Amino acid sequence: MTTATREMVAEYLRRYPGEAARQLEDTAPEDVALLLSREPSQTAAIVLRHTQPDHGARVLEAAGPEGVHDLVTALDPAYSANLFGRLSPESRTQLLAALPTELAKEIEGILEFPPATAGSLMDARVALFRSDTLVREALERIRELRDRRIADLVIAESDGTFEGVVRLQDVVGAEPETSLAALRSPRAISVHPMTPRDEVVELLNKYRLSSLPVVDLQNRVVGVIRHAGLVEAVQEDAVADLQQMVGGSAEERALSPPSVGVRSRLPWLHINLLTAFLAASVVGLFEGTIARFTAVAVLLPVVAGQSGNTGAQALAVTMRGLSLREFRVSEASRVLVKELIIGFVNGIAIALVTSIGVYLWSRNLGLALVMLLAMVVSMIAASAAGAMIPVLLVKLNRDPATASSIILTTVTDVVGFFTFLGLATLLSDMLAAS
C-alpha cells in the first residue's frame, strides 16, 4: 500500500467510521486487525465501536496479545467487556493478560455481571463530584475529561456514597460561584448492578433519563449507564421480545453457533407442530362439507391468512404497550374494546371486498355470504386474541413475549377454520342451491 493510499484510507476511517465498519465486516478479522493497528487508537476504537459485536470480538482475537492493547485502551470498558464476553475463556484470559492490570480488572469486573443486568451495561469510569463543588470548578474538571461523554454530573460524598445528579445543561447555564448542591435534581434515581434490564428500560421510559447511576448495596457509586447504554438496553429489550414472540431465544444472535439456535427453537417447533395438528383436527370435523363443496377448501387459506394478519397487528401494538408501559394490566379492558372495534370495522371492510370477489369467482351467493360472515367473526376474534394473549401471560407471571405468536396462530387458525367451515355446514342448503 502506497503512502498516498494509506493516508486516504486513514482519512476515510476517521471521517466515516460507521460506513467503514460496515465495509470491514466482510473482511477477514486478521486483515481488519492489521489495518486498525496502523491507525491512532482513538480512530481504531471508533471504528471498532461501530462494528458488529461478534465480528469485533473476532478482530480482537485476531489482533492477539501483541495488538489488543492498542485496540482496547481507547475503547469504552463496558463495550470492551461486551466484546471479550463473546470470546472463548482461553482467548479471553490470554488477551486480558496483555492489557494494563487496572483495565483488565475493570473489564473482568463488568464481565462478572449477567448479560441482561444494569452491571453489564454500565461504564465503571464515572467521574464523581462533591456537592460543594462550584460550577466553575466542575466545568474545569469536565474539560479535563474530554474522553468521557458526560450528560449528568454524579454527586457523591467523599466515600463515594451516591447523593444525586446535576444535569450538564443546568451547570452550563448557572453562575460560576454556584455550588452543585443548589443545582441537584430533586429525583435521585439509581439502580443496583443486578437490576434486570427490563427495569432499566422502564426507568428510562418513565423519567426520560440521559444517564443512570449504578450503586452497590452500600449506596456507593460503582458506575453509570450512559445514554448509549440506555438506548442499547431498549433495543436489546425490543429485539429479545421480537425473538421470543416467535419461539426464539433472547440469547441467540445472528452469528451464534447452530447448536444455540437448535436448542432454543426446536422445543417451540414441537409445540407448534401439536397446535398445527389441533387446527387440522378442526378441519377434519368438517370433512363431509369439504368433500361436498370443494370451493370451501380453496378459500380456507384466505380466512386463516387474513385473521392471522389481523391478530398479529393487535399483538404487536399490545406488546409495544406492555414493553413501554403505556398501559397497566388493570387497563386491559380498554385495549380489548379498542381492538374489538378495530377488528369489527376492518372485518366489515375486508369481508365486503372478499365476498364480492368470491361471488364473481364462484357465482355462488351462499358461498359469498359464508365468506362475509366468517371473515367478520374471525377478524374480530383475532383482534381480541392479539390483545389478550400477552395480558393473560402477564397475569400468569409469564413473559408476554414468550412465543405469543405461536399461541396466536393456533387461536386464529382454529377460530377461522371452525367459523368458516361451521357456517358452510349450517348454510349448506344455500351453497347447494346457488
Side-chain angles (χ1 to χ4, degrees), residues 245-246 269 271-319 335-390 403-434:
M245 280 176 64
V246 292
L269 289 174
I271 294 174
N272 192 42
L273 182 62
L274 292 176
T275 61
F277 276 114
L278 176 62
S281 67
V282 173
V283 177
L285 294 174
F286 302 94
E287 186 177 352
T289 302
I290 296 174
R292 186 179 175 189
F293 306 105
T294 55
V296 170
V298 176
L299 296 174
L300 272 178
V302 178
V303 178
Q306 204 63 38
S307 60
N309 288 336
T310 301
Q313 291 173 340
L315 178 67
V317 173
T318 305
M319 282 295 302
V335 177
L336 176 60
V337 170
K338 170 208 163 189
E339 292 299 336
L340 286 173
I341 294 173
I342 294 175
F344 175 74
V345 174
N346 287 345
I348 291 292
I350 295 297
L352 286 173
V353 175
T354 308
S355 59
I356 291 172
V358 169
Y359 178 75
L360 293 175
W361 169 67
S362 65
R363 300 296 177 179
N364 190 316
L365 186 60
L367 186 59
L369 179 60
V370 169
M371 177 59 76
L372 175 70
L373 297 175
M375 193 70 78
V376 173
V377 173
S378 62
M379 288 182 67
I380 292 175
S383 294
M388 294 312 297
I389 286 173
S404 52
S405 70
I406 293 177
I407 301 173
L408 176 66
T409 300
T410 303
V411 173
T412 54
D413 283 353
V414 170
V415 172
F417 292 160
F418 187 84
T419 302
F420 183 59
L421 294 174
L423 287 169
T425 302
L426 289 174
L427 301 177
S428 58
D429 292 341
M430 289 187 63
L431 269 65
S434 299

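Not measured: the values here are computed from a predicted model.
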**OP:** Answer yes or no: is there a donor N or O on one side and an acceptor on the other, between the side chain of Ser355 and the main chain of Leu352, under 3.5 Å?
**Re:** yes

Subject >> Partner of Leu315 by side chain to side chain contact (heavy atoms under 4.5 Å, CB included), out of Ile407, Leu408, Thr310 >> reply: Leu408

Subject >> With Ser307, the side chain to side chain contact (heavy atoms under 4.5 Å, CB included) member among Val415, Asp413, Val302, Thr412 >> reply: Thr412

How many angstroms lie between [atom1] in [X] and [atom2] in [Y], if you round to the nearest 0.5 Å?
X      : Y      : atom1 : atom2 : answer
Ile380 : Ile341 : CD1   : CD1   : 11.0 Å
Leu423 : Met375 : CG    : CE    : 12.0 Å
Thr289 : Leu427 : OG1   : CG    : 11.0 Å
Leu373 : Ser378 : CG    : OG    : 10.5 Å
Leu278 : Leu273 : CG    : CG    : 11.5 Å
Leu421 : Phe293 : CG    : CZ    : 12.0 Å

**OP:** Would you sort out whether Val370 and Leu299 count as a side-chain contact (heavy atoms from CB on, under 4.5 Å), showing the intermediate values?
**Re:** CA-CA 11 Å; Val370 169; Leu299 296 174; over 6 Å; no

Minimum heavy-atom distance [X]-[Y], with the two atoms named:
X      : Y      : value
Ala385 : Pro390 : O-CD, 4.4 Å
Tyr359 : Ala368 : CB-CB, 3.9 Å
Gly347 : Met379 : CA-SD, 3.6 Å
Leu431 : Leu367 : CD1-N, 3.8 Å
Leu340 : Ala384 : CD2-CB, 3.8 Å
Thr354 : Ile350 : OG1-O, 2.7 Å

Subject >> From CA spacing to verdict: side-chain contact (heavy atoms from CB on, under 4.5 Å), Met371, Phe420 >> reply: CA-CA 7 Å; Met371 177 59 76; Phe420 183 59; 4.0 Å; yes

**OP:** Give the intermediate values and the outcome of side-chain contact (heavy atoms from CB on, under 4.5 Å) for residues Ile290 and Val283.
**Re:** CA-CA 9 Å; Ile290 296 174; Val283 177; 3.5 Å; yes

**OP:** Return yes when atom CZ of Phe286 has more than 12 non-hydrogen atoms of other residues, nucleotides or ligands closer than 6.0 Å, and no otherwise.
**Re:** yes

**OP:** Just do the side-chain contact (heavy atoms from CB on, under 4.5 Å) check on Thr419 and Val303 with the steps written out, would you?
**Re:** CA-CA 9 Å; Thr419 302; Val303 178; over 6 Å; no

